[in-house]
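Structure first, commentary second.
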Amino acid sequence: MVYLKMNHVKKSFGSLEVLKDISLEVNQGEVVSIIGPSGSGKSTLLRCATLLETMDCGDLSYLEKSAATIVNNKTVYERPAKLNEIKSIFGLVFQNFNLFPHFTVMKNITDAPIHVQKRKKNEVCQEARNLLAQMGLSDKENCYPYQLSGGQQQRVAIARALALKPKVLFFDEPTSALDPELTGEVLKVIKGLAETKMTMVIVTHEMEFARNISDRIIFMDKGVIAVQGTPDEVFQSEHTRMQEFLGKLKH
């Protein structure tokens with residue numbers, strides 16, 4: 001089943017065309033990594049997919065529920081109530097964690113399920129404890145974000161996203177704010193999620209990780225999808241820009 005569909009997505013900031021007619025689909029249980037040089041449009045694509053940025057042109061749907069459609073070469077978004085319903089389908093983990101500094105770890109994870117999804121507090125707290133155990137953070141539920149390392153904060157952010165029971169989980173460069181030692185902790189958690197067949201879209205600069213975890217890789221360059229396919233197809237591609245990109249990473 002197709003969980004996410006984007007067609008003919010275009011986005012400009014002033015005269016700068018950041019996304020130039022991008023189309024993609026993500027299927028249930030699939031892990032798709034988006035790679036490419038800085039400024040290629042990766043994060044903007046993710047922000048358009050998660051309704052943080054409005055598209056200039058493009059169709060967007062989740063589980064065949066339309067969030068936006070093209071009418072007369074312009075994107076028309078659904079009403080707010082419908083968009084809120086669609087927002088409950090996906091979760092997003094940011095590169096800078098975005099935890100609430102004045103909330104404990106437990107409150108960071110349970111606040112939205114209790115107040116937004118109106119779920120029972122006892123049930124949500126138990127699920128949060130299970131998620132913290134899965135993240136290796138059982139002893140941190142009463143800590144505040146400033147008392148945690150970057151890697152621990154990012155794992156709390158992942159638990160917070162999972163607590164909302166999303167069908168699709170997006171990661172925007174989840175390790176870019178972390179040093180190499182802490183990066184490993186977070187990548188291990190994401191790998192564990194992939195093994196459970198969680199549908200994920202990951203913008204990453206960790207090439208080896210993308211290669212090992214992904215069902216499909218999309219290489220973006222200058223606002224277009226230049227190469228896409230299985231990890232082997234992409235990394236062995238003869239495409240000039242792909243070769244240049246990988247060459248730069250090796251130096």
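Predicted model, so just to flag it, every value in this text is computed and none were measured.
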**OP:** Kindly give the heavy-atom pair with the smallest separation between M200 and A194, and that separation in Å.
**Re:** CE-N, 3.4 Å

Original post:
Any idea how H239 and F219 line up, ring-wise: parallel (<30°), tilted (30 to 60°), or perpendicular (>60°)?
Top reply: perpendicular

Original post:
Would V186 and F171 show up in the same hydrophobic cluster when neighbours are defined by side-chain heavy atoms closer than 4.5 Å?
Top reply: yes

Original post:
So do the side chains of S214 and V32 get within less than 4.5 Å of each other, counting heavy atoms only?
Top reply: no

Subject >> Donor-acceptor contact below 3.5 Å, side chain T175 vs main chain L178 >> reply: no

Original post:
Does the pair K82/E85 count as a salt bridge with the N-to-O cut at 4.0 Å?
Top reply: no

**OP:** Using a 4.5 Å cut-off on heavy atoms from C-beta on, say whether the side chain of V227 contacts that of I218.
**Re:** no

Original post:
Taking atom OH of Y62 and atom CG of L4, what is their separation to the nearest 0.5 Å?
Top reply: 5.0 Å

Subject >> Rounded distance (nearest 0.5 Å) linking atom OG of S176 with atom CD of Q154 >> reply: 8.5 Å

**OP:** Using the side-chain contact (heavy atoms from CB on, under 4.5 Å) rule, pick out the option among N212, I190, L187 that qualifies with E206.
**Re:** L187

Original post:
If you measure only the distance, is there a donor-acceptor pair under 3.5 Å linking the side chains of Q126 and N130?
Top reply: yes

Original post:
Salt bridge or not for R119 and E127, using N-O below 4.0 Å?
Top reply: yes

Subject >> Smallest separation among heavy atoms of K20 and V224, with atom names >> reply: O-CG1, 3.7 Å

Subject >> Residue pair V2 / E64, side-chain heavy-atom distance below 4.5 Å >> reply: no

Original post:
Are S43 and D172 linked by a side-chain donor-acceptor pair shorter than 3.5 Å?
Top reply: yes

Original post:
Hey, what else clusters with I114 if you join Ile, Leu, Val, Met, Phe, Trp, Tyr whenever side-chain heavy atoms sit under 4.5 Å?
Top reply: V124

Original post:
Is it true that K10 and E17 make a salt bridge, defined as a side-chain N closer than 4.0 Å to a carboxylate O?
Top reply: no

Original post:
Can you get from V203 to L193 by hopping between Ile, Leu, Val, Met, Phe, Trp and Tyr side chains that sit under 4.5 Å apart?
Top reply: no

Subject >> cation_pi(R160, F97) dist<6.0 Å, angle<=45 >> reply: no

**OP:** Compare every heavy atom of H115 with every heavy atom of K107, then report the nearest pair and how far apart it is.
**Re:** NZ-CE1, 4.5 Å

**OP:** Assign the ring pair Y144 / Y146 to parallel, tilted or perpendicular, where the plane angle (0 to 90°) is split at 30° and 60°.
**Re:** parallel

Original post:
Does any N or O in the side chain of N7 come within less than 3.5 Å of the main-chain N or O of D59, such that one atom is a donor and the other an acceptor?
Top reply: no

Original post:
With a cut-off of under 6.0 Å to the ring centre and 45° to the axis, is R211 in cation-pi contact with F235?
Top reply: yes

**OP:** Establish, yes or no, whether the cationic atom of K11 lies under 6.0 Å from the six-membered ring centre of F13 and within 45° of the ring axis.
**Re:** yes

Original post:
In terms of heavy-atom contacts, does CG of D139 have more than 12 from other residues, nucleotides or ligands at under 6.0 Å?
Top reply: yes

Subject >> Side chain proximity check, V105 to L132, heavy atoms < 4.5 angstrom >> reply: yes

